[in-house]
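Since the structure comes first, as structure tokens, the remarks are kept for the end.
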There are 2 protein chains.
Amino acid sequence: MGTDETSPTAHRATAQGAAVRDALTAQEGFRSAQEVYASLRADGHKIGLSTVYRHLQALTETGAADVIHNPDGETTYRFCGDTTAGHHHHLVCRSCGRAEEVAGRAVERWADEIAEKYGYTEVDHTIEVFGICHDCATAR
Amino acid sequence: MGTDETSPTAHRATAQGAAVRDALTAQEGFRSAQEVYASLRADGHKIGLSTVYRHLQALTETGAADVIHNPDGETTYRFCGDTTAGHHHHLVCRSCGRAEEVAGRAVERWADEIAEKYGYTEVDHTIEVFGICHDCATAR
DNA sequence: GCCTAATCGGGAACGATTACCGATTAGGCT
DNA sequence: AGCCTAATCGGTAATCGTTCCCGATTAGGC
């Protein structure tokens with residue numbers, strides 16, 4: 001029912017739009033717009049940086065991609081197959097960029113509780129967990 | 001106990017260093033380097049932008065200031081009187097910038113748990129809660 | 001095929017932050 | 001008190017990521 005309306009992304013189907021989505025799908029972890037752009041060019045795609053940003057934002061808006069700002073303040077994107085997944089957070093590997101989606105009902109509750117305790121409303125939050133995944137750890 | 005070693009900040013006591021710290025202390029919420037710079041200039045201080053950044057970073061390194069990246073990716077600083085306070089998070093008002101320090105043992109535990117569950121080590125996390133404080137809410 | 005509007009993409013513009021480096025200044029020493 | 005040296009300052013240029021602009025290109029309905 002009321003999920004899909006006309007076309008996947010938005011209006012016209014373009015090669016560039018597909019390329020950006022593919023580039024994101026092709027890899028596990030979070031990647032910056034610049035990285036996506038670089039890898040597309042490396043693959044021989046004719047695409048502009050502006051276009052990459054444009055599509056990345058579009059994907060974000062439709063919920064097809066997750067965004068996080070890493071500790072350095074860089075904006076990174078990751079494909080999120082399940083548009084209906086709704087709210088969730090990430091456990092991101094600092095070394096390889098790979099990420100696990102984690103639900104964490106407990107944190108949501110905690111956030112709501114302290115917000116209420118201090119009388120804050122319209123609450124929202126940023127929660128990301130960074131670490132070194134098992135593979136990267138053993139690889140040392 | 002073994003906290004303070006020689007002098008408060010680092011080396012020489014300078015007027016600019018004090019000015020930056022004062023500017024930060026003077027207000028409750030998180031403020032960007034640019035804002036601190038602007039308010040210092042507005043107060044008639046002769047200080048350079050580079051210097052503001054320098055001191056802000058110094059304060060951060062000594063733990064005298066907390067840093068967070070707001071959802072827009074801006075880096076903001078806040079004076080943290082208690083250097084021994086250790087790890088904590090913030091409940092920040094989106095409207096006035098004011099913030100409450102919250103401990104949240106529960107979240108720490110949650111973060112550690114999921115990290116362990118997925119086999120991640122050297123775990124660290126970013127947790128900030130944003131909302132509208134009571135004052136700002138009623139002011140509408 | 002043609003036409004029109006949406007999408008591209010290169011480069012300029014932008015805002016935040018860092019780097020550079022000569023000028024200034026704190027403060028130990030005499 | 002005055003001097004000397006090294007640390008700090010601060011203006012400007014450089015960097016980096018991201019957005020804006022606008023003429024060129026292209027999808028796709030007719």
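All chains are named by letter (A, B, ...) in the order of the sequence lines, taking the proteins before the strands, and each is independently numbered beginning at 1. We use all heavy atoms of the structure for the numbers below, so side chains are in, but hydrogens, waters and symmetry mates are not.
Between B:T75 and the phosphate of C:dT17, there is a side-chain N or O to OP1/OP2 separation shorter than 4.0 Å. Contact annotation: A:H55 side-chain N/O to C:dC8 OP1/OP2 distance is under 4.0 Å. At the phosphate of C:dG9, OP1 or OP2 sits under 4.0 Å from a side-chain N or O atom of A:Q16. Under 4.0 angstrom from either OP1 or OP2 of D:dT18 there lies at least one side-chain N or O belonging to A:Y53.
In this structure, B:I47 places its CD1 atom 6 Å from P of D:dG10, rounding to the nearest Å. The distance from atom CG of A:L56 to atom C1' of D:dG17 is 13 Å, rounded to the nearest whole Å. Per the geometry, OH belonging to B:Y37 stands 9 Å off C1' belonging to D:dG10, to the nearest Å. At whole-Å resolution of the value, CG in B:L40 and C1' in D:dG11 are 17 Å apart. Across the protein-nucleic acid pair, B:E35 atom CD and C:dA16 atom C1' stand 12 Å apart, rounded to whole Å. Distance, B:E74 CD to C:dT17 C1': 12 Å, rounded to whole Å. Between B:H45 atom NE2 and D:dG11 atom P there is a gap of 15 Å when expressed in whole angstrom units. Across the protein-nucleic acid pair, B:R54 atom CZ and D:dA7 atom C1' stand 10 Å apart, rounded to whole Å.
Across all strands, B:Q57 comes closer than 4.0 Å only to sugar-phosphate atoms, never to a base (heavy-atom distances). Base contact: B:L49 has a heavy atom under 4.0 Å from a base atom. Among the protein residues, A:T14 comes within range of the sugar-phosphate backbone only, with heavy atoms under 4.0 Å from sugar or phosphate atoms but none that close to a base. Looking at heavy-atom distances under 4.0 Å, A:S32 makes no contact with the nucleic acid at all. Nucleic acid contact for B:Q34: base, since at least one base atom lies under 4.0 Å from a heavy atom of the residue.
Side-chain atoms of A:S50 and base atoms of C:dG10 include a donor and an acceptor less than 3.5 Å apart. Side chain B:R12 to base C:dG28: no donor-acceptor pair is found below 3.5 Å.
Without hydrogens or angle criteria, B:R21 side chain to B:A64 main chain gives no donor-acceptor distance under 3.5 Å. Although no hydrogens or angles enter the test, the distance criterion places no donor-acceptor pair under 3.5 Å between the side chain of B:R94 and the main chain of A:D124. The backbone N or O of B:D72 sits less than 3.5 Å from a side-chain atom of B:N70, completing a donor-acceptor pair.
Comparing B:A13 and B:A33, the nucleotide of DNA chain C nearest to each residue sits closer to the 5' end for B:A33. Mapping B:Y77 and A:R41 onto DNA chain C via the closest heavy atom, the residue that lands nearer the 5' end is A:R41.
Between B:D66 and B:E101, the shortest heavy-atom contact is OD2-OE2, 3.7 Å. Across every non-hydrogen atom of A:V129 and B:H125, the tightest pair is CA-CB, 4.0 Å. Nearest heavy-atom pair, A:S32 versus A:T76, reported as atom, atom and distance to 0.1 Å: N-CG2, 4.0 Å. Closest of all the heavy-atom pairs between B:A23 and B:L40 is CB-CD2, 3.9 Å.
Using cut-offs of 30° and 60° for the angle between ring planes, the B:H90 and B:F30 rings count as perpendicular.
For DNA chain D, the stems formed by at least three consecutive Watson-Crick or G-U pairs, with both atom-pair distances below 3.5 Å, span C:1-30 with D:1-30.
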